[in-house]
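Shown next, in structure tokens, is the structure this report addresses.
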Amino acid sequence: MAKWTAFPYDSDDYTYDAAALKKNWARLHAGDAEPMPKDDKVLAAWALFHAGEFQKAAEAGLKAGGAGVTVANKAQAIYANYLEKSEKTKLALFMEVAERAEAQAAEDPKNANAHYLMAYALGRYSQGISVAKALAQGLGSKVKTALETAIKLQPKHADAHIALGAFHAEVIDKVGSLLGRTQGASKDAGLSMYKQALKLNPDSAIAKVEYANGLVMLEGEKKMKEAEKLYAEAAACEAKDAMERLDVEMAKAELEE
């Protein structure tokens, strides 16, 4: 494995020992509703993830196996999304996660995060190659089905609601409402998913950022003020781990644009 780019911020605030991680688990996993692992090796891999040691977390998760695959997939997907500079490498990392998560979902069909992370990786991959091209390859229905499955398995999965909202918004934004309908995309469904995500995880910077993006895609300029307010709220969020810090920094960058 080539060396990944390091997390660019101070991670002291995001370093949790096993006891602290267990104590803060519900807050740290309010987005993905991942159950707390019983295996100490998997817990240690999550500690690396929360501290921004994404490559080490991925390696430790794969080595632990079982529930550790979820940590590995999330660490690799978040790293690819925020920190990988090469577009080609980024797409390859997303595709690897999608394939691994699909295999995990086949083996453990009731694992909500296996379905979610497959959809997340394929969704980001689709954005990278262009949404229209991805839809032509049939990736849209794959993403939508996986996210709906994740939500059915875990109705409190805020991140799956965000991703499903983004699916509706991206499809309508890129191919229009009429063609979007053939993909099962609708404006009302998209907006409703974003709202539900914020209800489930009100402190989430990424929920606010994605909702703001979605509002602009679905409603246009008239919602720009509301979107800017959401970006500002996201930028003011207190990050509890490395991933949230990257979300907050992204919100700050959106505000500056």
Side-chain angles (χ1 to χ4, degrees), residues 2 4-5 54 58 72-106 113-151 157 159-194 197 206-207 209-221 223 227 246-247 250 253-254 257:
W4 292 2
T5 304
F54 297 122
N73 286 342
K74 187 162 185 178
Q76 186 165 321
I78 294 302
Y79 167 77
N81 190 47
Y82 291 100
L83 298 173
E84 178 51 55
K85 305 282 191 288
S86 153
E87 195 59 31
K88 191 181 167 196
T89 306
K90 183 184 286 200
L91 292 177
L93 288 169
F94 282 137
M95 199 36 92
E96 196 175 77
V97 170
E99 286 164 1
R100 233 175 14 224
E102 189 167 19
Q104 188 188 22
N113 275 319
H115 298 280
Y116 166 69
L117 286 164
M118 178 180 86
Y120 179 92
L122 280 181
R124 294 299 189 198
Y125 176 85
S126 299
Q127 288 171 328
I129 64 167
S130 100
V131 170
K133 198 183 276 185
L135 293 175
Q137 290 176 18
L139 294 181
S141 58
K142 211 169 175 179
V143 167
K144 185 171 182 278
T145 303
L147 290 171
E148 287 170 348
T149 304
I151 290 168
H157 201 304
D159 291 350
H161 284 83
I162 296 170
L164 194 47
F167 164 83
H168 288 284
E170 287 273 3
V171 170
I172 289 168
D173 182 53
K174 303 301 182 290
V175 301
S177 336
L178 274 178
L179 266 178
R181 214 171 290 159
T182 66
Q183 298 287 335
S186 94
K187 183 168 111 172
D188 290 348
L191 292 172
S192 143
M193 284 293 150
Y194 287 126
I206 194 63
V209 168
E210 291 286 359
Y211 185 23
N213 294 344
L215 274 177
V216 176
M217 281 190 266
L218 292 167
E219 304 272 22
E221 289 295 314
K223 289 290 180 179
L246 292 167
D247 294 336
M250 181 169 66
E254 289 284 358
E257 276 180 15

Just by distance, with hydrogens left out, do Asp188 and His168 show a side-chain donor and acceptor under 3.5 Å apart?
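No, because no side-chain N or O of Asp188 sits under 3.5 Å from a partner of the opposite role on His168.
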Determine whether the side chains of Asp159 and Tyr120 contain a donor N or O and an acceptor N or O closer than 3.5 Å.
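There is no such pair (donor and acceptor under 3.5 Å, judged by atom type) between the side chains of Asp159 and Tyr120.
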Shortest non-hydrogen contact between [X] and [Y], atoms and distance:
X      : Y      : answer
Ala197 : His161 : CB-CB, 3.8 Å
Ile151 : Ala160 : CG1-CB, 3.7 Å
Ala166 : Glu210 : CB-OE1, 4.3 Å
Ala58  : Ala75  : N-CB, 4.0 Å
Val97  : Ala77  : CG2-N, 4.0 Å
Gln104 : Ala114 : OE1-CB, 3.5 Å

I need the [X] [atom1] to [Y] [atom2] distance, nearest 0.5 Å.
X      : Y      : atom1 : atom2 : result
Ile206 : Ile162 : CD1   : CD1   : 6.5 Å
Leu93  : Lys88  : CG    : NZ    : 12.0 Å
Asn213 : Leu218 : CG    : CG    : 10.5 Å
Met118 : Asn73  : CE    : CG    : 11.5 Å
Glu84  : Phe94  : CD    : CZ    : 9.5 Å
Leu215 : Leu191 : CG    : CG    : 6.0 Å

Using side-chain heavy atoms (C-beta onward) and a distance below 4.5 Å, is Glu221 in contact with Val216?
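No - every pair of side-chain heavy atoms lies 4.5 Å or more apart.
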Test item: Trp4 and Leu83 side chains (from C-beta on) under 4.5 Å apart, heavy atoms:
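Not touching, per the 4.5 Å side-chain cut-off.
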Given the rule in the side-chain contact (heavy atoms from CB on, under 4.5 Å) test, do Asn113 and His157 qualify, once you have shown the distances and angles that lead to the verdict?
CA-CA 9 Å; Asn113 275 319; His157 201 304; 2.6 Å; yes
Knowing that exactly one of Met250, Lys90, Arg124, Gln76 qualifies, which makes a side-chain contact (heavy atoms from CB on, under 4.5 Å) with Asn81?
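It is Arg124, the one option of Met250, Lys90, Arg124, Gln76 that forms the side-chain contact (heavy atoms from CB on, under 4.5 Å) with Asn81.
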Taking the six-membered ring for Trp, are Tyr211 and Tyr194 ring centroids under 6.0 Å apart?
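Yes, the ring centres sit under 6.0 Å apart.
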